[in-house]
Amino acid sequence: MSNATASAADTVKKVSLLRILGPGHVWALGVGIVLVGEYTGWNFAADKGGTLAALIICWVIGLLYTSVAMIDSEVTSTVAAAGGQYAQAKHIVGPLMAFNVALYLVFAYTMLEVSNAILIADTVKSYAGEGFSDWHYKGIIAIVIVGLAALNYRGVLMTLNVNFVITAIAYLAIIVLFFSVQPWSQGTILKLNEMVTPENALPYGWIGVIAAFHWGIWFYLGIEGTTQAAEEVRSPARSLPYGTMAGMITLLIGASLTWYICASLMPWQYLGFTYYPLLDAGKLTGSAVLENMMFAATILAALASANGCINDAARAWFSLGRDRYLPPWFSAVHPVYRTPYRSIIFLVPIALAFAFIANLGQAITFSILSGVLHYTFMSVNIMMFRNKWPLGTIRRGYTHPFHPLPAIVLLALCVVTYFAIFLGYGAQLTAMVVFYVIMSLWFHFYRYRYVKRGDQFTMPWPKPMGY
Amino acid sequence: MWIAIANIGWILSAALFLWMLYDWFRVDTTYSEATLTSSREGEIEAFQETHRV
């Protein structure tokens with residue numbers, strides 16, 4: 001390495017992120033971040049509204065995320081820059097919105113990374129037996145966060161190759177479990193008609209379905225993370241729409257299969273309580289092979305998610321530094337590995353601190369809240385994008401159909417989700433909104449004076465309509 | 001087994017974190033700050049930069 005560093009020092013005058021990724025890596029990044037949601041999290045929707053509510057939410061929230069994927073694909077195939085939605089907000093809405101969006105991104109991904117590390121440690125603890133102390137629990141958390149940060153530090157290609165493999169294994173485990181429980185033969189292993197009856201399908205009525213929106217987000221939370229790879233894919237206009245839409249299709253199938261397996265094996269009271277719906281489904285089949293497979297797959301899914309989250313949070317932080325929204329020191333790129341190495345290292349102790357002091361429910365809720373704030377922005381963003389630069393004024397890699405219907409659907413579903421979060425976590429929702437308001441004031445009155453205002457707008461677009 | 005893995009986890013995470021700090025220090029002392037922070041948004045050959053409508 002030292003020879004490589006020394007020789008590079010002589011020749012490299014300008015360093016940037018490495019453009020090396022393809023559509024498969026984009027898929028691995030998006031699905032990798034999200035798939036852990038099938039292994040834990042979505043099932044708490046059953047606690048809020050029953051098993052049928054979880055299915056309704058699976059598809060309704062699927063609609064929300066399909067809108068997210070379509071909108072994201074259009075805008076990102078045009079604004080291809082690290083930072084993803086941050087770069088979109090900067091060019092389309094303005095600097096203050098961009099700063100907030102970047103904070104949403106960093107919080108959503110860092111808290112999701114923390115949740116994944118806690119989940120892995122909890123899973124290991126449940127199998128470790130006596131003698132597994134708090135020291136050992138934190139040792140698992142430490143190696144997950146630091147080990148994956150080191151992988152990210154070392155290079156994006158290896159990081160997302162690893163993500164592709166472990167995400168594919170975790171997804172295949174769901175498929176294998178599905179066929180192992182003989183879904184064509186209800187009554188043999190699966191007992192859907194006994195678990196979900198007209199009496200218990202919606203135990204709290206339709207208000208339970210609304211409340212279930214909070215956890216339904218977990219089916220797909222993070223698919224929009226594909227856009228963070230925009231500056232590192234060889235062909236953003238092709239790879240990002242392909243990777244994102246393929247990821248969304250993969251997840252819709254995976255979510256439906258997951259619901260069917262779990263709903264057919266567990267009563268809603270247990271399904272809404274357990275942290276490990278798919279692992280428990282493996283256990284309930286009575287097969288040690290399936291149980292061990294789902295145990296390994298749970299850990300792999302959480303690892304893939306944490307890995308992708310570190311990648312995305314670091315890119316968002318790096319982009320803020322590059323535009324001087326934060327000190328430009330954070331915008332350094334490693335001259336050999338071509339990664340935003342200072343941002344990656346800086347976020348490690350923050351993730352460790354949260355993982356050591358927070359519990360899983362708090363971390364997940366912070367992540368969900370930041371995510372929903374972010375989706376709300378996206379619905380406004382696409383409206384402004386189409387108004388300022390109508391079709392035909394700039395070239396788009398992908399043009400999403402039925403505009404403005406997806407944006408309206410997205411905004412409406414976000415409003416319902418805020419209400420659902422308020423029902424369960426009103427104090428946290430208020431606290432986070434206050435936090436973002438304070439950060440906005442800090443940016444407006446203090447930090448923005450350091451920003452080189454002309455330099456931050458980099459897209460060679462014509463003037464927007466009406467300006 | 002899990003207890004051993006957790007103990008190894010502490011050692012490995014400490015080693016990896018120290019490696020990152022060491023590499024960070026070495027890079028920062030080998031290259032100028034101007035080189036390290038020379039990345040600019042919009043320098044990629046993205047679709048929109050051909051910009052012919």
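For chain B, the nearby parts of A:Phe132 are the backbone and the side chain; heavy atoms of each come within less than 4.5 Å. Using a 4.5 Å cut-off between heavy atoms, A:Lys138 contacts chain B through both its backbone and its side chain. Interface remark: A:Glu130 contributes backbone atoms only to the contact with chain B (heavy atom separation under 4.5 Å). Interface remark: A:Phe318 contributes side-chain atoms only to the contact with chain B (heavy atom separation under 4.5 Å). Neither the backbone nor the side chain of A:Arg238 comes within less than 4.5 Å of any heavy atom of chain B.
Ion pairing between B:Arg40 and A:Glu231 fails under the 4.0 Å rule for side-chain N and carboxylate O. Of the charged side-chain nitrogens involved, at least one lies within less than 4.0 Å of a carboxylate oxygen, so that B:Arg26 and B:Asp23 count as a salt-bridged pair. Ion pairing between A:Arg396 and A:Glu74 holds under the 4.0 Å rule for side-chain N and carboxylate O. A salt bridge between A:Arg324 and B:Glu41 is absent, with no side-chain N of the basic residue lying under 4.0 Å from a carboxylate O of the acidic one.
Between the side chains of A:Arg395 and A:Thr78, no donor N or O sits under 3.5 Å from an acceptor N or O.
When B:Leu21, B:Ile5, B:Asp28, B:Leu12 are compared by the number of non-hydrogen pairs under 4.5 Å with chain A, B:Asp28 comes out ahead. Most heavy-atom pairs under 4.5 Å with chain B, from the set A:Ile344, A:Leu17, A:Val124: that is A:Val124. In terms of heavy-atom pairs under 4.5 angstrom with chain B, the leader among A:Val348, A:Thr458, A:Ile140 is A:Thr458. Heavy-atom pairs under 4.5 Å with chain A were tallied for B:Ala15, B:Ala14, B:Ala6; the largest tally goes to B:Ala6. Per-residue heavy-atom pair counts under 4.5 Å with chain B were compared for A:Ser331, A:Ala121, A:Gly321, and the maximum is reached by A:Ser331. Comparing A:Asp323, A:Val333, A:Ile141 by heavy-atom pairs within less than 4.5 Å of chain B, the highest count is held by A:Val333.
Using bins of under 30°, 30° to 60° and over 60° for the plane-to-plane angle, the ring pair A:Phe385/A:Trp389 lands in the tilted bin.
The distance from the OG1 atom of A:Thr76 to the OH atom of A:Tyr398 is 12.0 Å, given to the nearest 0.5 Å.
The aromatic ring centroids of B:Trp2 and A:Phe295 lie less than 6.0 Å from each other. The aromatic ring centroids of A:Tyr153 and B:Trp19 lie less than 6.0 Å from each other. For an aromatic pair to be called close, the ring centres must be under 6.0 Å apart, and B:Trp24 with A:Trp329 satisfies this.
Partners of A:Ser126 by side-chain hydrogen bond (donor to acceptor under 3.5 Å, both in side chains), not counting sequence neighbours: none found.
Using non-hydrogen atoms only and a strict 4.5 Å limit, the part of residues 142-151 of chain A facing chain B consists of A:Ala142, A:Ile143, A:Val146, A:Gly147, A:Ala149, A:Ala150.
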